[in-house]
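Residue numbering restarts at 1 for every chain, and letters A, B, ... go by the order of the sequence lines.
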Amino acid sequence: MTHRALSCHVPASKRAETRRIRMPTDRYNAREAEARWQKVWDERGIFATKNDDPRQKYYVLEMFPYPSGRIHMGHVRNYTMGDVVARFKRAMGFNVLHPMGWDAFGMPAENAAMERKVHPKEWTYANIAAMKKQLKSMGLSLDWSREVATCDPAYYKHQQKMFLDFLRAGLVERKKSKVNWDPVDQTVLANEQVIDGRGWRSGAVVEQRELTQWFFAITKYAAPLLEALDTLDRWPEKVRLMQKNWIGRSEGLLIRFALDPNTTPEGESEIEIFTTRPDTLFGARFMALAPDHPLAAAAAKKNPRLAEFIEECRRHGTAQAEIDTAEKQGFDTGIKAIHPFDKTWTLPVYVANFILMEYGTGAIFGCPAHDQRDLDFVNKYQLGNVPVVCPPGQDPKTFIITDTAYDGDGRMINSRFLNGMTIAEAKEEVARRLEKASRGNQPVAQRQVNYRLRDWGISRQRYWGCPIPIIHCEKCGAVPVPEKDLPVTLPEDVTFDRPGNPLDHHPTWKHVACPQCGGKARRETDTMDTFVDSSWYFERFTDPWIATAPTDRSMVDAWMPVDQYIGGIEHAILHLLYSRFFTRAMKATGHVGLDEPFAGLFTQGMVVHETYRTKSGEWASPAEVKIETIGDRRRASLIATGEQVEIGPIEKMSKSRRNTVDPDEIIGSYGADVARWFMLSDSPPDRDVEWTERGVQGAFRFAQRLWRLVGEAAEIAKAAPADRPAEFSPAALALRKATHLALAKVTDDIEKLHFNVGVAAIYEFANKLNEVIGDMGSDSGAVSAPDFRWAMREAVNVLVQLFAPMMPHLAEECWAALGHDTLVAQAAWPQAERALLIDDTLTLPVQINGKKRAEVTVPRDATNATIQAAVLALDAVERALDGKAPKKVIIVPGRIVNVVV
RNA sequence: GCGGACGUGGCGAAAUGGUAGACGCAAGGGACUUAAAAUCCCUCGGGGAGAAAUCCCUGUGCCGGUUCGAGUCCGGCCGUCCGCACCA
């Protein structure tokens, strides 16, 4: 490799004028160089990780992609961040595991099959091949020898084995749950396939339908999953908070309300409710049941209008947001419940569309004064309200509730024996009394800890997923497939010409003999939720070759946990919570030795882009649009027709808005390094980043600038002495200080994943180096001094190493140009010399009454008394004091001085 | 509806409770060039004083509070975005 940059250096006379005349140089050719270096890395196998390497391990992982066909900018951002960490940790001396795979099961493959008549398997593997090629063009330091695809029977057979292990361990259950049913297509719909309450293909109004399905008993781990959140100190606080709220632990009371027999269907005598507010029992105005509550069904038998109302409630999707935002509606069953503290006090029992059967007991008592939903409900049905908690400072005699419920603190009122108590005291008192009271030999109430978390339903009525290894026999029930018969593989000869599950339609696949009795039986035709596939792939990566078990215990225990996991915030709850559960379940069944799979978590922001819209309302893609800048204004027009288009708001890149940018095109025209650099440079990694053409061009210019700079520095550095000089001139020392300051800063920033700040520090250092080279042009004696040449060589070597994790190809090219015959990808990270980071003097800002008014420079080791004397002698301070003594002088060592006058 | 986040120049942003705006983009001016591109230099939150160095006032969505000191902490509003259990 030859460096053909500047070989002629013309000194300039003065800084204010043009400092240097640069010869035209060859530009860095990213397209050629990137392919060349990727080949070198590949041939030398430097990113293949050995499981028997004795060095300390570091496991960095980015969330693996769904093989949709092409990578998008979100992938580029995600994988760039992970790659920076991987390359950095490798340079720091760790044995780094950085694998990649494919979350390859899922609905889009089936949609493609229906729409384009491609087999899901063919479609998926073609997509994997295309995306792998794209990922390779990014120059990621991945160990491809560990690649897994979840749709590979070699992967999912272990998942089936674990399903059976979990079943044996009591962690799998079968129960009923509701799905979105499309009555026209006769098929189950995902929530995203329900649009405004209708099926996306048929347009039919969706109904809720109950199916018997398989569940993982995640609720058995509700308490440990909640408690362990406190130990995840390298997780973002917001993710822990979201999971905490999702699990939703609450302490409350189960209370049995007797029913007035005259109003109650035969065979029914009580309602059991769960409440976290037993203190408000004297504010109760009504009871409410979930539409699918058994008592509601019983009451509906003799009440066709109620039955109709319950039917109506089912004519909605199952999505929570839809249930919550639907208008609150209720239907009076005519049943009366008896207040547990007053036999003469009865409450009307409603069926209400906002009560969930899945939470608590599926029934509540409503206290409208202190719960907004209950208040909205009584205001609609004119049931009135009585406040029972009086806020501090309010007069109980005049305190009333009209439109806004009060859920704050206060003292009990209108509550007989509870009056005057705090909420906590009242809760305790009610619990104590009702626990003691009994009806039918059972206590009326009992304390209970309740969780919002529901069990994880994994059954999907789809083809392209991991088959659930169960055989249903009329005699023996649900029988596990014997382990010797695993994997249960998907049949390949399936058709997608009619709705529903192709496995169910298949002529022979499901018909098998019962493993227990040998009689006629049929396979389970449901497949597993794809979240199951992604709940253990990180454990599989530690030894993806072992064919006999999901994991090799010695390998998985050595590599896990993942030290740094990186992915989108959209996975904050489901994927991460399921993975935490699954790892615990794997531990319980002997497949791993730990509870928490991810020691460090980072959630990156989205990639967003401007939108463009034509006058007729059509979206235009960035590639079709030309932007002109006239002064401060920007104008957009279609390249093809010249038609002016409106520049719309900046939004998440999406196909529907057509505001996507193709990574291939960016890498093709600017190179992978530029795309990587821009992804890191512009925004903090956890925030959204706006992809702009201008920003990319800036990154491109900087890459070229680095190439020239390294060329110039190399000229000075190449005659540097091999040994470190004993002494350095002031100029050389200043350069060394700048070098080590930048080194310390960038090292710290990468460690903290503050990539954008690290990038800024690299810019600053490159600017500094540029300036030093320019300045030295006027003093050829200093340039040729051996100590300066040595300091320059150190500086430029450090510069290249600092940007190597971010722009690895350019860094290799520069590294070679600097005369190294090693790879920068394998070079050890340099260490900052502490002595160079500390100055003899400090310049402190001086504030007067908290506003900066002056600066003072003092020796580093000055005492507070010395500093105070120097500060009080400053003109600005003397002026402010006007002869008086200061009220106070606050000296924060090394930071600031504040004089209070 | 519930839960979570975010809000700083023209724009992306930086700032362990301690000099607000580092660094980049855009813009303007200049150098170089026959010209363009590229490159290099200067200016760049708003307002004011000064010949200039420089100095003063104001400013981190809005309103309050805590503090010697608040972009940062607390309370309340406004706005924007994300998740909500069958998208991955």
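- Here the C1' atom of nucleotide B:A38 and the OH atom of A:Y670 are 14 Å apart, to the nearest Å.
- Nucleic acid contact class of A:E855 (heavy atoms, under 4.0 Å, all strands): base.
- With sequence neighbours left out, the ring pair (Phe, Tyr, Trp, His ring centres under 6.0 Å) criterion links A:F64 to A:Y537.
- Residue order along RNA chain B, read from the 5' end via each residue's closest nucleotide, puts A:A761 first among A:Q697 and A:A761.
- Between B:G12, B:A13, B:G18, one nucleotide has an atom nearer to the side chain of A:D682 than all others, and that is B:G12.
- Partners of A:R694 by side chain to side chain donor-acceptor pair (under 3.5 Å), not counting sequence neighbours: none found.
- Comparing B:A13, B:U19, B:A22 by their closest approach to the side chain of A:A760 singles out B:A22.
- With C1' as the reference atom, B:A15 and B:G30 are 33 Å apart, rounded to whole Å.
- Under the side chain to side chain donor-acceptor pair (under 3.5 Å) criterion, A:D749 pairs with A:K745, not counting sequence neighbours.
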Fill in the blank from the handout: Taking Watson-Crick and G-U wobble contacts under 3.5 angstrom, with | marking pairs to another strand and [ ] crossing pairs, the secondary structure of RNA chain B is written (((((((..(((.....[....))).(((((.......))))).(((((....)))))..(((((..]....))))))))))))....

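- Distances shown here put a side-chain N or O of A:S683 below 4.0 Å from the OP1 or OP2 atom of B:A13.
- Phosphate contact (OP1/OP2 of B:U67, side-chain N/O of A:N898, threshold under 4.0 Å): absent.
- The separation between A:K745 atom NZ and B:U16 atom C1' is 12 Å, rounded to whole Å.
- Base orientation of B:G9: syn (glycosidic angle within 90° of 0).
- Between B:C63 and B:C78, the distance separating the two C1' atoms is 11 Å to the nearest Å.
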Handout entry: Footprint string (nucleotides 74-88 of chain B, 5' to 3'): B base within contact, S backbone only, - free, heavy atoms under 4.0 Å
Key = ----------BBBSB

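- In this structure A:F755 satisfies the ring pair (Phe, Tyr, Trp, His ring centres under 6.0 Å) test with no other residue, sequence neighbours excluded.
- Taking CG of A:L574 as the start and CH2 of A:W246 as the end, the distance is 5.5 Å to the nearest 0.5 Å.
- Across B:G24, B:G7, B:G4, the shortest atom-to-atom separation from the side chain of A:L241 is found for B:G4.
- With hydrogens and angles disregarded, a donor-acceptor distance shorter than 3.5 Å links the side chain of A:Q704 to the backbone of A:Y28.
- Residues satisfying the side chain to side chain donor-acceptor pair (under 3.5 Å) criterion with A:R77, sequence neighbours excluded, are absent altogether.
- Applying the 4.0 Å criterion to OP1 and OP2 of B:G12, one finds that A:N756 has every side-chain N and O outside that range.
- Applying the salt bridge (Lys or Arg N to Asp or Glu O under 4.0 Å) test to pairs two or more places apart or on separate chains, those with a residue in residues 65-74 of chain A are A:R70-A:D662, A:R70-A:D664.
- Rounding to whole angstrom units, CG of residue A:L769 and C1' of B:C23 are separated by 17 Å.
- Counting to the nearest Å, the C1' atom of B:U19 and the CD1 atom of A:I890 are 16 Å from each other.
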Practice task
Check the pair A:R201 / A:E115 against salt bridge (charged side-chain N to carboxylate O under 4.0 Å, His left out), numbers first and verdict last.
Solution key: CA-CA 11 Å; A:R201 285 188 219 275; A:E115 286 155 19; 3.4 Å; yes

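- In this structure, the CD atom of A:E610 is 14 Å from the P atom of B:A26, given to the nearest Å.
- The same atom, P, is picked in B:A37 and in B:G28; the two are 12 Å apart, to the nearest Å.
- Taking atom CG of A:D749 as the reference point, atom P of B:C23 lies 15 Å away to the nearest angstrom.
- Straight-line distance between the C1' atoms of B:G9 and B:U58: roughly 14 Å, to the nearest whole Å.
- A distance of about 11 Å separates the C1' atoms of B:G75 and B:U66, rounded to the whole Å.
- Take A:D748 and apply the side chain to side chain donor-acceptor pair (under 3.5 Å) test, not counting sequence neighbours, and it matches A:K752.
- The nearest whole Å value for the distance from the CG atom in A:L874 to the P atom in B:U19 is 17 Å.
- Atom-to-atom, CZ of A:R701 to P of B:A38 comes out at 7 Å; the value is rounded to the nearest Å.
- Within the nucleic acid shown, A:Q847 comes within 4.0 Å of at least one base atom, counting heavy atoms only.
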Fill in the blank from the handout: In 5'-to-3' order, the base (B), backbone-only (S) or no-contact (-) status of each nucleotide in nucleotides 51-58 of chain B, using a 4.0 angstrom heavy-atom cut-off, is -----SSS

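- In this structure, A:K655 places its NZ atom where only 12 or fewer heavy-atom neighbours from other residues, nucleotides or ligands lie under 6.0 Å away.
- In this structure A:F602 satisfies the ring pair (Phe, Tyr, Trp, His ring centres under 6.0 Å) test with no other residue, sequence neighbours excluded.
- Not a single ring pair (Phe, Tyr, Trp, His ring centres under 6.0 Å) links A:H754 to another residue, sequence neighbours left out.
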